[in-house]
Amino acid sequence: MADRIDFRDQIASNKWKSLFLMFGVAIIIVLLGYVISMAFDPGYTFVIMIIAIIFSLLYTWFSYYNSGKIAVWSVGAKEAERSRYRDYYNAVEGLTIASGLPIPKLYVMQSAQINAFASGRNPKNSVICVTEGALQKLDRKELEGVLAHELGHVASYDIRFMTLVTVMVGMVAIISEIFLRSLWFRGGNRDNKGSMIFLAIGIVLAIVAPIVVILVQLAISRKREYTADASAVKFTRYPQGLIGALKKIGHENRVPEKQVSKAVAPLFISAPIHEWISTHPPLSELNSFKLRRCLS
Amino acid sequence: MLIVWILVALAALLVIIFFSYYNRFAVLSNRIDNSLSQIDVQLKRRADLIPNLIESVKGYMKHEKAAIQAVTEARKALVAAKDVAKRVRADNQLESALKTIFALAENYPDLKANTTFVELQKELTATEDRVAYARQHYNDSILSYNNLCTTFPGRFFAGMYGRKEKEYIKIEEAERKAVKVKFE
């Protein structure tokens, strides 16, 4: 079964999707700029459009090169010291030998829950972050399973696409929120019909944009998790490790994690926020899927 | 005129395909060499740790001369072995000798409280894991190379570039990792 997982197609597809996403978001930002300028003062459209284009280019460029750092920073993770987290380093180094990947930068995040995520734009510039809780509550094999799952995301370039989605979508959400909030302050003192139409479009955009992107993200995420699990088994040759870890996660992570923002949540192996649709497959289903996969 | 352009495009496509297959063979073949040397790196690292272990154990385990001797000899064999396959076999020997030492260490509470010893034990276990993973990666690399050589269209290109299926050096993956799956 080892060779059934070939990363090449996945890598290519993730790279294309990332490119597409970056273009898409850049265009959405420019469009939003247009709508906003029309809604508020059409006289400044030209200036606002130029600003929007420059901003969207800068923003895309910045997110591409810094998405990993942003993700790590947003959850308040610290770089893991080698002397203190010896087991963590040992496990990752072993797995990078098994997978032929470069060693990612390792981070630790303050949280009693068992959780982990991977991020970055490519394997050479990747980061892996685990919670203190994961390091304390998981045994060596279970931790290895979780880390192998994250390395699976690294190997397939899931990290590039997923981090870009979370960082860029997070921004769309913020922009739309600001737009909506400013509507409250404007009140209804002007009754220009054209402005009202754009206002309506603006509101619709502001509501729809983040939902659409989140839906896209949810639609793709499930399969990614399965593949990452399969990669984890390929790297460790020991499915029980990951299964044990997932069981412990299912047992322990009942209370939602508060310090993780909604935008970053889907990056984690166990989604820290209970949402109306869960990004990761339910754990029982996951276990059975994995077992089936190992048996075949 | 259009037909010329189509032909040019096709020719370019063909060249790209030929190049990409050539590179693919080269990359996979390099990966095999690389993973083989990775095994060696890890074995050497392991061998380098042994003298320190012997040093820390000697003072405590005065009555276990034979067990200590076995470790020293296994290490000697490992260092002296000529090729990787032999080194791996020597490492298996070393592994079982070490297991004896660690089992015996249970009888010496002072030794078990010694931080140097505990650190070394951890380190040795970690390198053993790494050796196992390096062996696994080596086998995986050979497998993907051979799959490319034996399946179409790689098979066609393999013939053209004179690439042949590679023999596995018989390096078994560690038994520790045997997978147990419950049938339901």
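Protein chains get the first letters and strands the later ones, always in sequence-line order, with residue 1 at the start of each.
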Neighbourhood of chain A inside residues 6-22 of chain B, taking heavy atoms under 4.5 Å as contact: none
Side-chain contact test, heavy atoms from C-beta onward, threshold under 4.5 Å: evaluate it for D140(B) versus K234(A) and give yes or no. yes
Looking at F23(A), I'd like to know if its CZ atom is crowded, meaning that more than 12 non-hydrogen atoms belonging to other residues, nucleotides or ligands lie closer than 6.0 Å. no
Using a 6.0 Å cut-off, check whether atom NZ of K137(A) has over 12 heavy atoms from anything other than its own residue. yes
Shortest non-hydrogen contact from N90(A) to R130(B)? OD1-NH2, 2.9 Å
Enter the distance from H137(B):NE2 to I97(A):CD1 here, rounded to the nearest 0.5 Å. 9.5 Å
In Å, rounded to the nearest 0.5 Å, how long is the span from CD of Q136(B) to CZ of R237(A)? 3.5 Å
Please flag which part of T96(A) lies under 4.5 Å from any non-hydrogen atom of chain B: side chain, backbone, both or neither. neither
A side-chain contact here means heavy atoms from C-beta on lying under 4.5 Å apart; do Y133(B) and T236(A) qualify? yes
Gap between atom CD of E119(B) and atom CZ of R86(A) - 0.5 Å precision: 4.5 Å
Interatomic distance, E144(A) atom CD to D129(B) atom CG [nearest 0.5 angstrom]: 5.5 Å
Any chance CD of Q93(B) has more than 12 other-residue heavy atoms, nucleotides or ligands included, within less than 6.0 Å? no
